[in-house]
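Step one of this worksheet: look at the structure below.
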Amino acid sequence: KEGKLGHCLIGDLFEEFGKDGDARDAVANLYFAGIDTTTSVVTSFLLVLFVFPDVAKKVQAEIDALLDQGGLPTVKDRTRLTYTEAVWKESIRWRPTVPNGYMLVDPKTWGDPEVFRPERHLPSHNPDAESLPNPAVLAFGFGARTCPGMYFADRTGFHLVLTLISLFDLLPPIGKSRLSPDDIVFTRGIFMFPTNFQVRFVPRNEKAAAFLSAMNVAASD
């Protein structure tokens, strides 16, 4: 409200090393590396919530149970949202949109890679869940070849979609039907994005509508 920023890592870097040279380049690399990766994982998560509405309802139910007093989820809530975390992982693994995607659909690792099944990541449903690799790590590389935007994309992207799904239902545009998995068409490139993914963000309930109205945010097609 006062137009002032709080504590900022980038501000610390500039204060210690100045705004020129290595500090500036490091910030630029973080930003540009994080843009495509964040867009990719957020789009993947929203896509599966749209294509699989039953999964979206389970995610919303888990969030609602955690926030029974109202409000929005925060970064600290992530460890308690186990089903949502499993959906996040599975959205990165299923129909991979990142360069290392072949490792995310290997039948030797996943058994039925073509099936979207978040429960595979939950020990309560799969006794081998803890031995499965983290899809985010597979997607964004290892060691010196790790994508520098991986952690930015994972943390920022998860919190963004968590907020969106807590406030909105994802519906098809008026006059159009919901996509099925077989209908999805992706672009070709280093990162792949669905070309025919259109969605309406509709406030879930009166409480969400009131919150959005107070923030001057309107529903969008």
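Everything numeric in this text was worked out from a predicted model, so none of it was measured.
Nearest heavy atom pair, residue Arg204 against residue Ile165, reads CD-O, 3.5 Å. The two residues Pro133 and Trp110 come nearest to each other via the heavy atoms O-CH2, 3.5 Å. Taking both residues in full, the closest heavy atoms of Arg95 and Phe186 are given as CB-CZ, 4.0 Å, listed atom of the first, atom of the second, then distance. Closest approach of Pro73 to Ser166, counting heavy atoms only: CD-OG, 3.7 Å. In terms of heavy atoms, Arg93 sits closest to Val115 at NH2-O, 3.0 Å.
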Mind listing the side-chain donor-acceptor pairs of residues 43-54 below 3.5 Å, one per line with the distance, residues two or more places apart or on another chain?
unit_1, atom_1, unit_2, atom_2, d
Thr43, OG1, Thr39, O, 2.7
Ser44, OG, Ser40, O, 3.0

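The line from CG of Leu67 to CG of Leu81 is 7.5 Å long, rounded to the nearest 0.5 Å. Taking CE from Met103 and OG1 from Thr109, the interatomic distance works out to 9.5 Å, rounded to the nearest 0.5 Å. The CG atom of Leu132 sits 6.0 Å away from atom CG of Asn126, with the distance rounded to the nearest 0.5 Å. For the atom pair CG (Leu162) and CG (Asp77), the distance works out to 7.5 Å, reported to the nearest 0.5 Å. Taking OG1 of Thr84 as the start and CD1 of Ile63 as the end, the distance is 5.0 Å to the nearest 0.5 Å. With rounding to the nearest 0.5 Å, the separation of CD in Glu130 from CG in Leu122 is 10.5 Å.
Under the 4.5 Å side-chain contact rule for hydrophobic residues, Ile92 and Ile184 share a cluster. Residue Phe197 is not grouped with residue Val185 when hydrophobic side chains (ILVMFWY) are merged at heavy-atom distances under 4.5 angstrom, including chains of intermediate members.
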>> Determine whether Arg200 and Ile174 satisfy the following criterion, side-chain contact (heavy atoms from CB on, under 4.5 Å), listing intermediate values before the conclusion.
In response: CA-CA 8 Å; Arg200 260 189 319 138; Ile174 295 174; 3.8 Å; yes

> Please walk me through it: do Val55 and Tyr83 pass side-chain contact (heavy atoms from CB on, under 4.5 Å)?
Replying inline: CA-CA 9 Å; Val55 171; Tyr83 181 76; 3.7 Å; yes

>> Before you tell me yes or no, could you show the steps for Leu167 and Leu72 under side-chain contact (heavy atoms from CB on, under 4.5 Å), namely the whole-Å CA-CA distance, both residues' side-chain angles and the distance that decides it to 0.1 Å?
In response: CA-CA 8 Å; Leu167 292 172; Leu72 291 176; 3.7 Å; yes

> Does the side-chain contact (heavy atoms from CB on, under 4.5 Å) test come out yes or no for Leu170 and Phe201, once each step is laid out?
Replying inline: CA-CA 5 Å; Leu170 277 59; Phe201 291 88; 4.1 Å; yes

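Within the 4.5 Å cutoff, the side chain of Trp94 has heavy atoms near those of the Pro181 side chain. Counting only heavy atoms from C-beta outward, the side chains of Glu119 and Ser124 never approach each other to under 4.5 Å. A 4.5 Å side-chain heavy-atom check between Thr82 and His121 finds every atom pair outside the cut-off. Within the 4.5 Å cutoff, the side chain of Trp88 has heavy atoms near those of the Val41 side chain.
The local environment of CZ in Arg178 is crowded, with over 12 non-hydrogen atoms from other residues, nucleotides or ligands closer than 6.0 Å.
Residues Ser180 and Asp183 have side chains that bring a donor and an acceptor to within less than 3.5 angstrom of each other.
The pair Lys57-Asp64 fails the salt-bridge criterion, with no side-chain N (NZ, NE, NH1 or NH2) lying under 4.0 Å from an Asp/Glu carboxylate O.
Taking Arg78 as the reference, Glu85, Asp154 meet the salt bridge (Lys or Arg N to Asp or Glu O under 4.0 Å) condition, with sequence neighbours excluded.
Using a distance-only test at 3.5 Å, with no hydrogens or angles considered, a donor-acceptor pair links the side chain of Asn205 to the main chain of Ala208.
Listed by first and then second residue, the salt bridge (Lys or Arg N to Asp or Glu O under 4.0 Å) pairs that reach into residues 103-115 are Asp112-Arg117, Asp112-Arg120, sequence neighbours excluded.
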